[in-house]
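Before any comments, here is the structure.
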Amino acid sequence: MTANQIVALNGRFIPIEEASVPVLDRGFIFGDGIYEVVPSYGGRLFRWPQHLARLKRSLAKVRIDNPHDDAGWLGLVQELIARHPWPDQFIYLQVTRGVARRDHAFPKGVAPTVFGMASELVPVPAQQREQGVTAVTLPDERWLHCDIKSTSLLGNVLARQAAVDAQALECLMFRDGFLTEGSASNVWMVRHGTMFGPPRDNLILEGIRVRLMDELCQSSAVPLEIRPILREEVLQADELLISSATKEILPVTVLDGRPVGSGRPGPVYQALYKAYQAAKRAV
Ligand code: PDD
């Protein structure tokens with residue numbers, strides 16, 4: 001929490017210390033809500049139309065009425081950015097099914113709870129960019145709707161903590177022997193100069209950087225293949241990358257205590273990271 005941080009709660013802009021929701025909010029009781037994380041560089045939103053489209057998809061998939069039209073969402077997000085001094089920010093948006101007597105079934109006539117928060121987007125430490133980060137492999141024990149950006153994140157939380165307990169930054173998860181994603185990132189594998197990503201189905205969240213990566217691979221002349229990826233292939237990768245709104249693209253150079261490829265950030269990472277920075281400057 002930062003001093004003078006202003007958040008948006010149900011249409012009001014108030015200091016974060018004053019923002020609270022009733023204990024019967026279904027987000028608190030059931031994790032019954034969805035969220036978004038949108039980066040903004042130099043006051044300009046990055047890939048906003050894509051983030052807004054995913055927010056609307058998440059709402060539709062869990063059958064929460066969209067509380068704002070597109071202009072309303074944009075106005076809310078721009079107001080949050082304008083109220084904070086940081087050049088680079090990330091905006092967290094959350095919508096829950098609202099406040100109602102505890103009952104699993106949807107309540108009738110209840111307005112969703114809408115929360116928005118801007119935070120400083122602190123760059124990834126230089127050491128992580130230069131040396132890469134450490135990850136561990138884990139079985140993916142989550143539910144079958146990982147495509148929904150739901151606030152019910154217990155599976156992701158437990159997976160991330162297992163990584164932290166093993167002194168790693170992220171985990172790479174596998175379902176039935178195939179790569180899915182990280183606890184809060186998408187995962188990519190490079191072998192013999194080709195980049196591979198897992199299928200964009202219900203078993204992963206399709207990150208906004210997933211489609212961006214298609215473009216970056218194309219502009220960097222890196223061949224890209226989307227197909228199921230075996231754990232054994234990941235263990236023999238030349239490079240492994242993770243992507244997310246807050247980490248952009250990061251190289252994983254140690255997996256389960258062993259070096260990935262050369263053990264250093266590789267040429268595909270370098271090329272894609274450069275292309276990512278160019279895409280940021282182009283907004
Ligand atoms: N997480 N997969 C999962 C499970 C994620 O939580 C995220 C992002 C991604 C990458 O999506 P994107 O490129 O749109 O950031 C993939 C955000 C950053 C979070 O929960 O904080």
Side-chain angles (χ1 to χ4, degrees), residues 27 31 33-41 45-58 61 77 88-96 115-124 128 133 135 137-164 169-175 178-189 195 197-217 226 229 240-250 252 272-273 275-277 279-280 283:
I34 60 93
Y35 75 107
E36 261 306 317
V37 178
V38 191
S40 157
Y41 301 108
L45 286 161
F46 187 62
R47 300 260 148 170
W48 169 249
Q50 292 85 342
H51 280 282
L52 178 61
R54 186 173 64 184
L55 176 73
K56 292 197 282 188
R57 277 201 307 277
S58 296
K61 283 177 180 175
V77 166
D88 296 345
Q89 305 183 19
F90 65 95
I91 313 301
Y92 177 87
L93 298 172
Q94 174 172 328
V95 184
T96 78
F115 174 62
M117 170 173 67
S119 303
E120 185 174 13
L121 184 47
V122 181
V124 169
Q128 291 184 4
V133 299
T137 61
L138 284 180
D140 192 337
E141 295 176 339
R142 300 172 303 159
W143 71 331
L144 295 173
H145 293 291
C146 299
D147 53 315
I148 303 171
K149 205 161 171 61
S150 159
T151 57
S152 305
L153 285 172
L154 196 48
N156 304 59
V157 165
L158 293 174
R160 171 63 68 85
Q161 189 55 39
V164 169
L169 184 115
E170 183 55 300
C171 58
L172 275 45
M173 296 188 281
F174 298 84
R175 200 186 283 264
F178 289 97
L179 175 67
T180 54
E181 61 183 341
S183 67
S185 59
N186 291 111
V187 179
W188 308 85
M189 173 183 83
M195 172 110 139
R200 290 121 192 225
D201 56 17
N202 61 311
L203 301 183
I204 67 165
L205 179 77
E206 190 183 306
I208 300 310
R209 270 124 293 275
V210 164
R211 296 287 164 179
L212 176 59
M213 210 68 115
D214 295 354
E215 295 169 30
L216 301 184
C217 282
I226 304 304
I229 300 169
L240 293 172
L241 313 180
I242 56 175
S243 63
S244 81
T246 46
K247 306 260 184 257
E248 302 183 341
I249 310 171
L250 260 188
V252 172
L272 295 177
Y273 182 65
Y276 195 106
Q277 299 314 305
K280 274 164 60 177
V283 289

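Counting convention: from 1, in listed order, for ligands and their atoms alike.
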Pocket residues of ligand 1, ordered first by chain and then by residue number (heavy-atom cut-off under 4.0 Å):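 Its neighbours under 4.0 Å (heavy atoms only) are Tyr35, Val37, Arg54, Lys149, Asn156, Glu181, Gly182, Ser183, Ala184, Ser185, Asn186, Leu205, Gly207, Ile208, Arg209, Ser243, Ser244, Ala245, given by chain and number.
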Atom pair SG (Cys146) and CG (Asp140), whose distance is rounded to the nearest 0.5 Å: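 Answer rounded to 0.5 Å: 5.5 Å.
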Pairing residues for Arg211 by the side chain to side chain donor-acceptor pair (under 3.5 Å) criterion, not counting sequence neighbours: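 Testing Arg211 for side chain to side chain donor-acceptor pair (under 3.5 Å), a comparison that skips the adjacent residues, returns Glu206.
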Polar side chain donor-acceptor pair, Ser185 to Glu170, under 3.5 angstrom: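 Present: a donor and an acceptor within the cut-off.
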Side chain to side chain contact (heavy atoms under 4.5 Å, CB included) against Pro199, all qualifying residues, sequence neighbours excluded: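 Applying side chain to side chain contact (heavy atoms under 4.5 Å, CB included) to Pro199 gives Asp201, Pro228.
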Polar side-chain atom of Ser152 near backbone of Gly31 as donor-acceptor pair, under 3.5 Å: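 Between the backbone of Gly31 and the side chain of Ser152 there is a qualifying donor-acceptor contact (under 3.5 Å).
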ring-ring contact (aromatic ring centres under 6.0 Å, His included) involving Tyr276 - partner list, sequence neighbours excluded: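 For Tyr276 the ring-ring contact (aromatic ring centres under 6.0 Å, His included) partners, ignoring immediate neighbours, are Phe46.
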